[in-house]
> 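The structure follows.
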Number of protein chains: 2
Amino acid sequence: MTDPAAPAAFRPHDHARCVAGTLALARRVAAERGLRLTPVRHRVLEILLERHAAMGAYEVLERLAEEGFGHQPPVAYRALDFLVTNGLAHRIQRLNAFIACDHPGEAHHAAFLVCSGCKTVAEIPADELRATLDSAAAATGFAIERASVEAVGLCPECRAQGRAGQPA
Amino acid sequence: MTDPAAPAAFRPHDHARCVAGTLALARRVAAERGLRLTPVRHRVLEILLERHAAMGAYEVLERLAEEGFGHQPPVAYRALDFLVTNGLAHRIQRLNAFIACDHPGEAHHAAFLVCSGCKTVAEIPADELRATLDSAAAATGFAIERASVEAVGLCPECRAQGRAGQPA
DNA sequence: GAGGTAATTGTTATGTTATCACAAGTCAAC
DNA sequence: GTTGACTTGTGATAACATAACAATTACCTC
Ligand SMILES: [Zn+2]
Ligand SMILES: [Zn+2]
Ligand SMILES: [Zn+2]
Ligand SMILES: [Zn+2]
C-alpha cells in the first residue's frame with residue numbers, strides 16, 4: 001500500500017519535517033541567488049506547503065488577507081509568480097492552481113500526478129520523459145522552452161479504498 | 001526547413017484539403033458512433049480547423065454569434081465540450097483554448113507543441129511518451145486516467161526567422 | 001400521425017480566474 | 001539622506017467558465 005518508491009505525497013510521513021526541510025532549502029536557494037524571499041512570499045510558500053495539494057490564487061489570497069496582507073488578487077498572483085519564476089513552486093495548468101516545488105534549487109523536470117479522489121498532487125521526476133519529448137519535438141524542428149506534463153487519476157490510497165474520482 | 005517528419009501544422013501544405021479530410025473523418029466517426037454532429041457543433045469544428053492554432057471559447061462564440069447562432073457562452077462551451085468529449089477536439093490547458101483533433105476516431109495519445117512565436121499548435125503522437133508516464137506513475141501506485149503533455153517553444157519557421165517567443 | 005421522452009439549443013445571471021494601471025512604501029547603494 | 005530599483009497595496013476591469021431554467025427539436029413507441 002505504501003510503496004517505498006512513492007513520493008511523500010502518497011505516503012504517510014512526518015509532514016512537519018517535510019515542510020521544514022523544503023522551506024529551509026527554499027531559503028537557502030533564495031539566499032544563494034540573491035532573491036528576496038519577503039514576508040508575503042515566504043508566507044505564500046508556507047501556505048502552499050501545508051498540504052500536498054494545489055491551491056488556487058484566491059484561496060491563497062484569502063489566507064493572506066486574514067493575516068493582514070493585502071486583499072486584492074495581485075497580492076497573491078505576484079507572490080505566486082515570484083515563486084514559480086524562481087522554481088520554488090509550480091503551476092498546475094489543469095487546475096489553475098499552484099503547488100510548492102518538492103526540490104527547490106535542483107534543476108529538474110517534473111511531471112504531476114493529480115488524484116481526482118482526494119486532490120493530492122505529487123511531483124515526480126520527469127527528466128527522462130522530458131528528454132523523450134525533446135527529441136520527438138526536435139524531429140519536427142520544434143525547440144521546446146518549457147513543458148508541462150500533468151496526469152489525472154487515482155492515488156494509491158484512493159484506489160485501495162475504492163474511492164471514485166470526481167469528474168472535475 | 002520543411003522537415004518531412006514535421007506535422008502539417010509546421011509545413012506549408014494544402015490546407016483546404018487538410019481541413020476537408022479531417023472534417024470527412026469527423027463526420028464518419030460521428031456517424032459510426034451515433035453522435036449528433038449538429039449544425040453548431042459541425043460549424044465549431046470547422047472554425048477550429050481553419051488554422052493550426054488553438055482558439056478560445058469566446059473567440060469561437062463571437063464567430064457563432066455573427067453567423068446567427070446563440071450569443072451566450074454556453075453555446076460555445078457546450079459545442080466545444082461535445083467535440084472534446086468525443087475526441088474530435090482537444091483542450092490546450094495552458095492556453096484555455098481548443099484545437100481540432102488531427103486524427104479523429106483513432107485511439108491515440110497526443111502531445112502538443114505550442115509555438116510562442118506564431119501561436120501555431122501541432123499535435124504529435126505521444127503513445128510511447130504516455131507509456132513511459134504510465135509506468136512511472138504505476139511505480140508510485142498511481143493509476144492515470146488521462147494526461148496532458150504540452151510544450152511551449154519555437155516552431156521550425158519561427159526559429160529560422162529568428163523570431164522571439166512572446167512571454168505568454 | 002400522436003404522445004412521451006431525452007437531447008439540444010437558447011437565455012439570464014453569476015461565479016471564477018487573471019491582469020492593468022497607478023500610488024505608496026521599502027531597501028540598498030552611493 | 002537622496003536616488004533608483006523593487007515591492008506592496010488598491011481600485012477597476014478583463015478573460016474564462018458554469019448554474020439554472022425555458023423553449024425547441026429529434027426520436028422512439030404506439
Ligand atoms: Zn509532506
Ligand atoms: Zn487520492
Ligand atoms: Zn492544415
Ligand atoms: Zn512559430
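Given the structure is predicted, the values throughout are model-derived calculations rather than measurements. Both backbone and side-chain heavy atoms feed into the values below; hydrogens, waters and symmetry mates do not. First the proteins, then the strands, lettered A, B, ... as listed; each starts at 1.
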> Could you tell me which residues satisfy ring pair (Phe, Tyr, Trp, His ring centres under 6.0 Å) with A/H103, sequence neighbours excluded, listed by chain and number?
A/H108
> Among residues 43-66 of chain A, which ones have heavy-atom contacts with DNA chain D below 4.0 Å?
none
> What pairs of nitrogen or oxygen atoms, one from the protein and one from nucleotides 28-30 of chain C, lie under 3.5 Å apart?
none

> Under the salt bridge (charged side-chain N to carboxylate O under 4.0 Å, His left out) rule, collect the residues that match up with A/R51, sequence neighbours excluded.
A/E59
> Between B/E50 and B/R63, is the closest basic N to carboxylate O distance under 4.0 Å?
yes
> A/Q72: which residues meet the side chain to side chain contact (heavy atoms under 4.5 Å, CB included) condition with it, sequence neighbours left out?
A/P74
> What nucleotide among C/dT19, D/dC16, D/dT10 has an atom nearest to a side-chain atom of B/Y77?
D/dC16
> Does B/L49 share a hydrophobic cluster with B/F69, counting links as ILVMFWY side-chain heavy atoms below 4.5 Å and allowing steps through other members?
yes
> Rounded to the nearest angstrom, tell me the gap between atom CD in B/E67 and atom C1' in C/dT9.
16 Å
> With sequence neighbours left out, what residues match A/E62 under salt bridge (charged side-chain N to carboxylate O under 4.0 Å, His left out)?
none
> Could you list the protein-to-nucleotides 5-8 of chain D atom pairs, N/O on both sides, closer than 3.5 Å?
| unit_1 | atom_1 | unit_2 | atom_2 | d |
| --- | --- | --- | --- | --- |
| D/dT7 | OP1 | A/R41 | NH1 | 3.3 |
| D/dT7 | O5' | A/R41 | NH2 | 3.3 |
| D/dT8 | OP1 | A/T38 | OG1 | 2.4 |

> Please identify each residue that fulfils side-chain hydrogen bond (donor to acceptor under 3.5 Å, both in side chains) with A/E145, with sequence neighbours left out.
none
> Restricting to pairs with a member in residues 127-140 of chain B, which pass salt bridge (charged side-chain N to carboxylate O under 4.0 Å, His left out), not counting sequence neighbours?
B/R130-B/D134
> Return the set of residues passing ring pair (Phe, Tyr, Trp, His ring centres under 6.0 Å) with B/F98 (not counting sequence neighbours), or none when no residue passes.
none
> Output all residues satisfying ring pair (Phe, Tyr, Trp, His ring centres under 6.0 Å) with B/F112, sequence neighbours left out; order by chain, then residue number.
B/H90
> Just how far, in rounded Å, is C1' of C/dA7 from CG of B/L35?
13 Å
> Rounded to the Å, how far apart are B/D81 CG and C/dT8 P?
12 Å
> Mapping B/P74 and A/Q72 onto DNA chain C by nearest heavy atom, which one lands closer to the 5' end?
B/P74
> What residue pairs, at least two apart or across chains, pass ring pair (Phe, Tyr, Trp, His ring centres under 6.0 Å) with a residue in residues 125-152 of chain A?
A/F142-B/F10
